Amino acid sequence: MKTKEIDQLRRARTKLRGWMKRDFDAVRNMIESDSPEVTRVEEKLDSIVTRLQKAEDLQMEIEKLLDDDSQVGEEVGAQGPWLDMVRERIYTVKLWLKNSQKHNTSTKLEPIVPSPKHTSSAPKILGFLLTS
């Protein structure tokens, strides 16, 4: 019985992962466009955050149903890096939104000084969102 329930929870988590990937792809496309729609990016980000929370809840349920600590450790080891990657991407999109809003509300544009690794934040963000 437990195995069947665990399998159902894992399938639900996999579906959420697929939706989050599609949402991140949509965000990347919006950011890459000539005139990024900040409102749509915010909406997609909200959707991703909601799905991440659901995926984390499913992860906790799966861990509760596992029989021993070694199984829990394997499950955490398998899913932990992916969950961390989603959190990092969320942070990156939030940073892009913050920078976009700053540029839209400022009356005087400040010069952008390139960092040693990147010439602007957009390529860094886009590169990060492109990896999956």
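Source: prediction; values computed, not measured. Throughout, numbering of the chain's residues begins at 1 and tracks the sequence. The analysis underlying the following values was restricted to heavy atoms, covering all of them including side chains, and did not include hydrogens, waters or symmetry mates.
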Quick check for you: to the nearest 0.5 Å, what is the distance between D46 atom CG and R51 atom CZ? 11.5 Å
Could you grab the distance from atom CG of N29 to atom CZ of R40, nearest 0.5 Å is fine? 10.0 Å
Going from CZ on R22 to OG on S47, what distance comes out if it is rounded to the nearest 0.5 angstrom? 10.5 Å
Test K54 against M20 for side-chain contact (heavy atoms from CB on, under 4.5 Å), laying out the working first. CA-CA 11 Å; K54 288 178 184 176; M20 283 185 272; over 6 Å; no
dist T92:OG1 -> L97:CG (nearest 0.5 Å) comes out at 11.0 Å
What's the spacing between L65 CG and E5 CD if we round to 0.5 Å? 4.5 Å
Does E43 have any salt bridge (charged side-chain N to carboxylate O under 4.0 Å, His left out) partners at least two apart in sequence or in another chain, and if so, which? none
E63 and Q59: side chain donor to acceptor below 3.5 Å: yes
Is any side-chain heavy atom of V27 less than 4.5 Å from a side-chain heavy atom of W96? no
Derivation of the side-chain contact (heavy atoms from CB on, under 4.5 Å) call for D57 and Q53: CA-CA 6 Å; D57 292 345; Q53 182 59 55; 2.9 Å; yes
Mind checking whether V72 and V76 have side chains closer than 4.5 Å, heavy atoms only? yes
Quick one: do Q101 and E42 satisfy side chain to side chain donor-acceptor pair (under 3.5 Å)? Show the steps, please. CA-CA 11 Å; Q101 291 167 349; E42 290 171 335; 2.8 Å; yes
So L58 and L16, do their side chains get closer than 4.5 Å, heavy atoms only? yes
Which atom pairs, donor and acceptor, lie under 3.5 Å between side-chain atoms of residues 78-87 and protein residues at least two apart or in another chain?
unit_1, atom_1, unit_2, atom_2, d
Q79, OE1, R17, NH1, 2.9
D84, OD1, R87, NH1, 2.7
R87, NE, E56, OE2, 3.1
R87, NH2, E56, OE2, 2.6

Are W19 and I48 connected into the same hydrophobic cluster when the rule is that any two of I, L, V, M, F, W, Y join if their side-chain heavy atoms are below 4.5 Å apart? no
dist K44:NZ -> I31:CD1 (nearest 0.5 Å) comes out at 13.0 Å
With sequence neighbours excluded, residues passing salt bridge (charged side-chain N to carboxylate O under 4.0 Å, His left out) with D67: K2
Compare all side-chain heavy atoms of R11 with those of D7 and state whether any distance is below 4.5 angstrom. yes
Using a 4.5 Å cut-off on heavy atoms from C-beta on, say whether the side chain of R13 contacts that of L9. no
